[in-house]
Structure formats: C-alpha cells, structure tokens
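Structure first, then comments.
Both ligands and their constituent atoms are indexed starting at 1 by order of listing.
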Amino acid sequence: MKLLLVNMPWGKIDFPSIQLGILKSYLARHGIDADVSYQNLIFANMIGLDLYSRLSISSRYSYLLEWLFNEFLITDPSLAREVRNTQERDIRELISLKSANPFLTEQYKPSPLGNAQAVNEQFIEDELVKVCKKIKNETIPDFFYKLLNGLSLSEYDIIGFTCSFSQTAPALSLARIIKKKYKDKVILLGGNAVSGDMGMEYLRLFPWIDYIVYGEGERALVDLVEHLRTNDDRLNGGRDRHGHDLKGILYRSGDGQVIKAPPQPLIPMDDVPLPNYDEYFSQIGAIEAATGKKLKQDTVLFETARGCWWGERVQCKFCSLNGENLHYRSKKWETAYEDLRALSRRYERNSLICVDNILRYPSFAELLSALPESKLELELFWEVKPNLTRAQLQTLAKAGVKRVQAGIENFSTDVLKLIDKGASMLKNVQFIKNSYTFDIQVSYNFLFGFPNEKPAYYDDLLTLFPLIHHLTPPLYPPKPMILQRFSRYYGQAAAHHITRIEPMSQYKRIYPMGDIDIEKIAMNFSFDCAEIPEDLDYLNRITEAIKEWNIRYGGNHRPVLAYESGAGHVKIYDSRFGRFKSILLRGLAAIIFLHCDDIKTLNSIMETAQSGGDRHDRDEEAPYAASLDAARGGGQAASQEAIQRILEQLQFKKLMIREGDRYLSLAVQLKDIQHRIPPQTMQNITQAKLYHAFEELPR
Ligand code: SF4
C-alpha cells in the first residue's frame, strides 16, 4: 500500500511540515511507502508568494482563508448559487475586526503602528475583496484542475491530509474532488483541527472522508495501514467493519454511525524518528527552476518534546494547545543532539526551529551545554517560559539560540495570577532584560480581556512601560483573549462566570450547510462574562502605551539604560526619557544596584549591604560577580535606614523597580549591548566619560 500525505494551503511555506516529515519517516521504518506533496507551495506560487505570506501569517484572516475553499464542500446546488451571490458580504464580514471578546467595545480599534501597517490596512480596505473573489472564483478551480491532472493519484491507495493552519476546508474540498474521481482511494484526515468533537462532526457530515486520525498520528496510521492491507474495507464504501480493532481513529461503523476508537498509547519520544523533508526541498527546487524565482528555504524544524510540563501541572486558563493531551515527554538530550546534527548535515541548513510548546530547561541543560563544543554554528529558535534564569539564558545564547517566543502574555501580576501563568511582573521584566543582555531576540504577545480582570490591574503598567522602553516590547497590537476549545476557560466556563458561549459567527460563513452542528466543529467561541467593568477605556490606554513602546524601541533613537562598574562605583547611562543622563553610584548604592541585577528580596539586599562587601556568597558565581566585587570595595556595614533610603532613591531615579519585598535593577551591562547603542547615545556616553560628567544620588 502506498500513501500520499498532502500539505494543503494555508500551511506555512517558509519551512516544511514536521508532522508529515515525521510520519513519512515513521511509515518508512514500518515498511510503508509514503510520498509528501506540498500543495501549499504550488498554490502560493499561483497566487503570489508575497500575497500568500501576508494572508497566511495573520490570524485575522484564518476564517477567510478557509472560506475561500468552501464552494467545493457545498453539495446542494441552490445553496451553492445563494452563497455565490453573497461573496462580497461574506468577505467583508470575515475580515472585519469585530471581536467575540465582550471586553472589546465598538470604540476599540487599535490604530496602525506605522506606515507599513497603515499601508496594510489600506490594502485590506481597497484590495482584499477584489483579490479574494479572484482567488475563490478563478485561482482555486484552476488549482484543483491542475492538481487533479498533474498528480498521478492512481499510484496511491491512501491519501491523507494534515489539518492545521486553516487547512481543514481546503483539505475537505480536495478530498471530495479526489473521491469523486477515484472512488477506491481511502481518504483520511489528521491534525489538531480535527481532534475531539470536531473530527466526529466532520466525519458525520462529509461522506467522502473515510477515517480521521486523532491524537498522535504515528502509531494510529501504521496500524490503520496494516489493517487496510489485510481487510479490504474500500469494498465497503470506505466503511470500516473492523474499526473496533484499531486505536486512535474515528471511523464509521457498518450502519454509518461515527465511532471514536480508544486512544493510542503515547509514543515514547525517542521512538519519534528524524523528519524527512526531501520532497519539500525538491518541490522548492522545481518551482524555482520553472519560474526563475528564489524562495526562502533556510530553515528546518525539529522536535524534542511533546505536551507541556507547566500545563500538565497547572494549565494556563486560556491555553488550548495540545488538545486533549498535555502530558509532557521529551527525547533524551543525546537523541535531540543527534537529531540537530543529522538535520543540519542532511539539509545543509543552520537555522533550526524547535516546535515544542515550551523548553523544559533541566531536560536539555546538557544538550545546550554540549552545543558550543560541537563546532556547529546553529541558529536555534525555541519557545520558552519566562522563568529562565540569567545563567540559563546565557547558556541558551552560547548554544546558538538566537530567537525565542516567550509566554509572557501580560505584565500585571494580578492578571498573571488570574490566568495561572505562574509568573509575575518582576519575573517577566527580568526575562526581557536578560534576553536583551545576551542578544536573544524575543517575541511575545500581550493578551488582555480575560474574564474577571479589573481595569485597576493595568494601572501600574502605564507607569512601568516607559521605564522599560529600552527592552523588547510586546508585539503590537495587543490581543484580546480568544475563548478556545480545550482551554480551562471553555471547559470550566461557569466557574469563571463565563456565559452565553457560542461558536464564532464566521464558521457559519465557512460551512453554510444547514445540517452541520457548528458548535461541534468550532475551535473559537464568542462569550459573555458576568463581570465586565463599566469603563473599558483602560484597553485603549494600554494599547496606546504598547504602541508608544514599540515606536520608541523600533525607532532610530532606541532608548538605552546601561551601566558599567569600576572599583567602588557604578556609572549609569540613561536615554529613556529624551534628555541623556549619566549617573554615578558610589559605595553602598553601587553594591545594592549591582546586587539587584537579578531579582533580590529585601532580606538578601540587607544581608549583602550590611556585609560591607566582604561576604562570599553564591553571587560570586554570577556573571556580574566581578563588577559586584569591584563596586563593593570593602565598604562599611550599613544601617537598615541607609539601605532603605538608597532603595527609594534608586526607584525615584527609575533605575530599579519593586514588587512587594523584591527589587530589580533595570539597566543592562554596557559591554553586552555596546554594538546595539544608537550613535548619538554612544557619543553622549563617550562625552560623559571623557569629562567625567555625572550626577550623583543625594547622600
Ligand atoms: S500557554 Fe504555554 S505554558 Fe501555558 S499551558 Fe499552554 S503551552 Fe503550557
């Protein structure tokens, strides 16, 4: 038996599908031949690579992208005629910024960040309707026609589709076309978008789908292929008379009922093979040869773990990742190390993206320490929880981690507690400060509009943000929380005062058939909340503050807050508030400032300051120990009042922030960021040093 695994639009085109790459390898290990077809690349080339990327990168268009393919799903001719007449209305509704989050009022409409975004908005207004009609009415029929005539489908017995990234309607459509022409082909779907109730409903509604693989695909697919090899269910109209022998699939019983077989046991991570991306690169090569265009193809994906180590303990309330299975498992670090080497060697790529939910540092400390020794000059990407320490981030940087996506989500400790994020304002600031120090590019979202949040939770952030304009801001605009299937907010709605949960109205546009239960196929839901504050203007205030942060950080005069230390003193350079300032800290103030380079409790500060600089503690191990040692300079024991006064002065000067009894200095070490300082600020720093022009803290 031979399989064709298809990656449909709107799968990402900048890198291959790791799901299909792993499946291909796993099937091969079990003697099953499978090809992978990147139809997303072919389609992207038809509509234009730039347009494809712009559409598929934004979650705003996810419904629209599915809708573009829905015509092939409508079997009733009069309904098909009807929806053809409402295309323009549908497009406008699908791209409207209306949110299903009740915290967002009609007045909430974040203004564009800059010219590029404004141009994009203009593009949306003026062009998108026209472009989408052309794609729907001309390009997609042409795409399917060419696909059906170009792919030698007759050589395959089973055709499988991966469904995530707005791929479900495109996959269902192509499946229908294939089944019409090749009745004996077994058609199956797999992936996040068809798990749980969603898959059950798709299978009930679309008779041309034979099976849906739910959960992890590897074992379920091998068992299914073996089963089909020995039981020719295709003769039974795709209905599986023996489905009860299988696990991890949805199937139809003899009387047409949709049945969910028991789940497959989870696969040990060390049994997950290296993904095979051969077809991705050969298809890229073929498109380049045919068109003379160059395609981005510098990155491959790898996997070291599945599930979420935090989520299996305390799932963040809004999180829907991992569907029904959060259980965390990881590869041995040696296996992960060999995977990285093997992928880099086979595909001659240095840029590798890890697809794990979040890095569990202890599992991979040895891997990260081994990489600098390996002489592989890799550029790695990982998703991380912002609880990583300075030393851990430094290890990541040395291992070649250049970019991370961090689960920061918010800077209000009240909000972070509300959503069970296991973080705090101070920890999140420390994380972006340390990432900046080690030149690790961080991207992160700012989420708001959580059930039961209060405007007062955001007040302190308006004061905090200007103090950290020298550190990486959240992506703009901030995002309202979306209520998603599999999240705790969805599963425990009543406990969170969430009411009137309804599937997002856009699903009705994608699936206009009367007999579909939209509730079952929806991933995103609109909702109401019993406790919505009366004054929602705080959302606009916080949005403007984040916009301001982005503009200042992204501009030519990026703010700087840096320090350098000498014996018994610390020099600070500050351009965050327009006028450049240079400040000199001496003795005790310098000791306290340096001690709080990482979060410190008041007790720890007292202990260190009162030891007069002679104490040998674990700080000596810290990377800034030399600076701390230099600043201490054998000072005298200090009174509690003097220490408190200095802490207040450091906060007054906006050089330090406090949360409860914990303190954090905000400056980063000059030597770590020197090459990233704007020329004018660097000139000011040089002048301040040259003429020893510093203001001092009052004694
Ligand atoms: S949001 Fe991230 S950390 Fe939280 S449960 Fe989901 S995957 Fe885990």
**OP:** Could you tell me whether any N, O or S atom belonging to C316 is less than 2.8 Å from atom 6 (Fe) of ligand 1?
**Re:**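 Under 2.8 Å: C316 has no N, O or S contact with atom 6 (Fe) of ligand 1.
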
Original post:
With a cut-off of under 6.0 Å to the ring centre and 45° to the axis, is K317 in cation-pi contact with F450?
Top reply: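 Not flagged: K317 not positioned over aromatic ring of F450.
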
Original post:
Is it true that E312 and R360 have a side-chain N and a carboxylate O under 4.0 angstrom from each other?
Top reply: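 Result for this pair is no, no salt bridge flagged.
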
I'd like to know if the side chain of [X] and the backbone of [Y] have a donor-acceptor N/O pair within less than 3.5 Å.
{"X": "N387", "Y": "A423", "answer": "no"}
{"X": "S344", "Y": "L340", "answer": "no"}
{"X": "K296", "Y": "I13", "answer": "no"}

Original post:
What atoms in ligand 1 come closer than 4.0 Å to a heavy atom of I358?
Top reply: 3 (S)

**OP:** Mark up the atoms of ligand 1 that fall under 4.0 Å of a heavy atom belonging to L321, in ascending order.
**Re:** 7 (S)

Original post:
Which is it for K421 and ligand 1 at heavy atoms under 4.0 Å: side chain, backbone, both or neither?
Top reply: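 K421 to ligand 1: side-chain contact only, backbone stays beyond 4.0 Å.
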
Original post:
For atom 8 (Fe) of ligand 1, which protein heavy atom lies nearest, and how many Å away is it?
Top reply: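 The answer is C308 SG, 2.3 Å.
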
Original post:
Tell me, which protein residue and heavy-atom name are nearest atom 6 (Fe) of ligand 1, and how many Å apart are they?
Top reply: C319 SG, 2.3 Å

